[in-house]
Amino acid sequence: GAGVSQSPRYKVAKRGQDVALRCDPISGHVSLFWYQQALGQGPEFLTYFQNEAQLDKSGLPSDRFFAERPEGSVSTLKIQRTQQEDSAVYLCASSLVGSSGYFGPGTRLLVL
Amino acid sequence: DAKTTQPNSMESNEEEPVHLPCNHSTISGTDYIHWYRQLPSQGPEYVIHGLTSNVNNRMASLAIAEDRKSSTLILHRATLRDAAVYYCTPSGGADGLTFGKGTHLIIQP
């Protein structure tokens, strides 16, 4: 069956540009997570949704980062005025309930 | 969040068992121990999880110490496709997973 999909898979942005990263979770999954993974590091938690409600955004590194899931399915992570330190792989994961779930392939963001 | 300690890397031969250790001495009583692995250019893949008892599935076995301060992921017969970074991550529920740097497992043919 279909897993978690993310688009685009690769994104190159100039410093200062806004970017939007999309996550399509597994159908019916209530929980959705965003993680950021720097090169050579493990993923780091950014934010968590239960259906359309954003229950935890404690991991978002700055107010330039914004996530939404308006209808409780597809989610978008937006980064405004990108900086070089935002370069990373952004991973989305979904699960029926709880934090153990299925990850997407990630979006590799490079900010020049 | 519970902190974890794993070896940076381990090496094993193909078709031999592999034991990947993880220390999580600050784990809380309700945290499950999850193991994920990540192949190059892919997202993490769920391997196994447990609370107190040892667990088996088609991918691996998980041995949990009696005091729950450590666990070992066991791959019974490693193949080249098992080469990946392995993460152990205690988690209490719907609060996201906390990953360390993991163990880079190298499999020699």
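What you see is a predicted model; the values in this text were computed from it and never measured. Chain letters run A, B, ... following the sequence lines, proteins first and then strands; every chain starts at 1.
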*Fellow cluster residues of A/Tyr102, listed by chain then number, with links counted only when side-chain atoms sit under 4.5 Å apart*: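 A/Val4, A/Ile26, listed by chain and number.
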_Non-hydrogen side-chain atoms of B/Tyr87 and A/Pro43 separated by less than 4.5 Å_ =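 A side-chain contact under 4.5 Å exists here.
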Spell out, yes or no, whether [X] and [Y] are grouped together once hydrophobic residues are joined by side-chain heavy atoms under 4.5 Å, including indirect joins.
X        : Y       : answer
B/Val85  : B/Ile74 : no
A/Phe45  : A/Tyr90 : no
A/Phe33  : A/Leu46 : no
A/Val111 : A/Val19 : yes

*Specify the closest pair of heavy atoms between B/Gly43 and A/Leu91, including all atoms of both residues, with the distance to one decimal.*
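That closest heavy-atom pairing would be CA-CD2, 3.9 Å.
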*Using a cut-off of under 4.5 Å for heavy-atom pairs, which of A/Arg9, A/Gln37, A/Gln50 has the most such pairs with chain B?*
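Ranked by heavy-atom pairs under 4.5 Å with chain B, first place is A/Gln37.
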*Given A/Tyr35 and B/Leu97, is the side chain to side chain contact (heavy atoms under 4.5 Å, CB included) satisfied, shown in steps?*
CA-CA 9 Å; A/Tyr35 294 85; B/Leu97 298 170; 3.6 Å; yes
_Contact class of B/Glu45 relative to chain A, heavy atoms under 4.5 angstrom_ =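 Neither part, no heavy atoms under 4.5 Å.
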